[in-house]
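Worksheet for the structure shown next.
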Amino acid sequence: MDETSSVAAPLIDAAETLARRLTADQPALLRHLCGVAAHATALAPTVAPDERESLIAAAWLHDIGKVPALRDTGMHSIDGARYLRREGWPPHVCDLVAYHSGSRFVAELRGLTAELCEFDDSDEAVTDALTAADQTTGQNGADVELDERMADMLARHSPDSPSVLVHPVREVYLRAATDRVHARAAGLKVGGS
Ligand SMILES: [Fe+2]
């Protein structure tokens, strides 16, 4: 979309550089980050202009906590956010990474709510956009539908894993967030902006 070309680039460039460095030996994870960043760029018009740079930067970085060297609590959203905070990244980017894709449900189940609350939840529109971008990108970076993404998650995790155990409640959130993003995008088209 043309509007995204006006998104300020320095933070996004830095995020892409860091993501590529951290995932140098994890090509599948990098492909996923590339795909989510592309989706976030396409969805950027659904968030306020001053949120777009953080949204796309967070998309590049949202799963870096999966890199073994960054492991801390074992919950990747928190570990990635903590790493970025230590490295001096803007708090808003750290916040988005911490809360992406309904992480609060997993944190509650794992007893990590206090650790998650080291970070602040962001405005709904930008959190929704990052979640929708993530949930419509497959593990290898391909475009997928939300149902396919959730089915893949259920197939990859054991029945007693936190991701599977919280799925009934997180699924409701993920569908609602994705629907809100689609509604905002449709509103932009109707409004001609
Ligand atoms: Fe992801």
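Residues Thr178 and His182 are in side-chain contact: their nearest non-hydrogen atoms beyond the backbone lie under 4.5 Å apart.
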Problem set entry | Pair His167-His157, side chain to side chain contact (heavy atoms under 4.5 Å, CB included): steps then yes or no | CA-CA 11 Å; His167 181 66; His157 293 79; over 6 Å; no

For this session: Could you walk me through whether Leu146 and Met150 pass the side chain to side chain contact (heavy atoms under 4.5 Å, CB included) test, one step at a time?
Result: CA-CA 6 Å; Leu146 177 59; Met150 292 192 293; 3.8 Å; yes

For this session: Kindly indicate, with the supporting measurements, whether the criterion side chain to side chain contact (heavy atoms under 4.5 Å, CB included) is fulfilled by Glu115 and Met75.
Result: CA-CA 10 Å; Glu115 287 80 357; Met75 187 169 157; over 6 Å; no

For this session: With salt bridge (charged side-chain N to carboxylate O under 4.0 Å, His left out) as the test, would you mind laying out the steps for Glu16 and Arg20 before giving the verdict?
Result: CA-CA 6 Å; Glu16 179 178 353; Arg20 290 185 181 280; 2.9 Å; yes

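Judged by distance alone, with hydrogens and angles left aside, the side-chain atoms of Asp79 form a donor-acceptor pair with the main-chain N or O of Asp72 at under 3.5 Å. Remark: the backbone N or O of Phe119 is paired with a side-chain donor or acceptor of Tyr99 at under 3.5 angstrom.
With rounding to the nearest 0.5 Å, the separation of CG in Leu30 from CZ in Arg21 is 13.0 Å. The CD1 atom of Ile64 sits 9.5 Å away from atom CG of Leu29, with the distance rounded to the nearest 0.5 Å. A distance of 9.5 Å separates CD in Gln26 from CG in Leu33, rounded to the nearest 0.5 Å. Here the CH2-CG distance, from Trp60 to Leu22, works out to 12.5 Å after rounding to the nearest 0.5 Å. Leu165 contributes atom CG, which lies 11.0 Å from atom CZ of Arg170 (distance to the nearest 0.5 angstrom). Taking NE2 of His76 as the start and NE2 of His62 as the end, the distance is 6.0 Å to the nearest 0.5 Å.
Trp89 and Ile78 sit in two unconnected hydrophobic clusters of ILVMFWY residues. Membership requires side-chain heavy atoms under 4.5 Å apart, directly or through other members. Transitive grouping of hydrophobic side chains (ILVMFWY, heavy atoms separated by less than 4.5 Å) keeps Leu174 and Leu130 in distinct clusters. By the criterion of side-chain heavy atoms lying less than 4.5 angstrom apart, applied directly or through intervening Ile, Leu, Val, Met, Phe, Trp or Tyr residues, Leu84 is grouped together with Ile12 in one hydrophobic cluster. If you chain together hydrophobic residues whose side chains sit under 4.5 Å apart, Leu18 and Val93 fall into the same group. Taken together through direct or relayed side-chain contacts under 4.5 Å among Ile, Leu, Val, Met, Phe, Trp and Tyr, Leu61 and Leu11 form part of one hydrophobic cluster.
Across all non-hydrogen atoms, the minimal contact from Leu188 to Pro45 is CD1-O, 3.2 Å. Closest heavy-atom contact between Thr127 and Ser122: OG1-CB, 3.5 Å. Contact between Ala44 and Arg52 at its shortest, heavy atoms only, is O-NE, 3.0 Å. Here the shortest heavy-atom pairing between Ala98 and Ser103 reads O-OG, 2.5 Å. Considering all non-hydrogen atoms of both residues, Leu43 and Ala133 come closest at CD1-N, 4.0 Å. Closest non-hydrogen pair, Ile56 versus Ala37, comes out as CG2-O, 4.4 Å.
For CD of Glu124, the number of neighbouring non-hydrogen atoms (other residues, nucleotides, ligands) closer than 6.0 Å is greater than 12.
Among His32, Arg31, His39, the one residue that satisfies the side chain to side chain donor-acceptor pair (under 3.5 Å) test with Thr137 is His39. Exactly one residue among Thr131, Asp95, Asp63 makes a side chain to side chain donor-acceptor pair (under 3.5 Å) with His100. That residue is Asp63.
Every salt bridge (charged side-chain N to carboxylate O under 4.0 Å, His left out) that Glu118 has, sequence neighbours left out, goes to Arg82, Arg85.
Counting only residues at least two apart or in different chains, salt bridge (charged side-chain N to carboxylate O under 4.0 Å, His left out) contacts with residues 126-147 comprise Asp128-Arg180, Asp128-Arg184, Asp134-Arg149, Asp147-Arg175.
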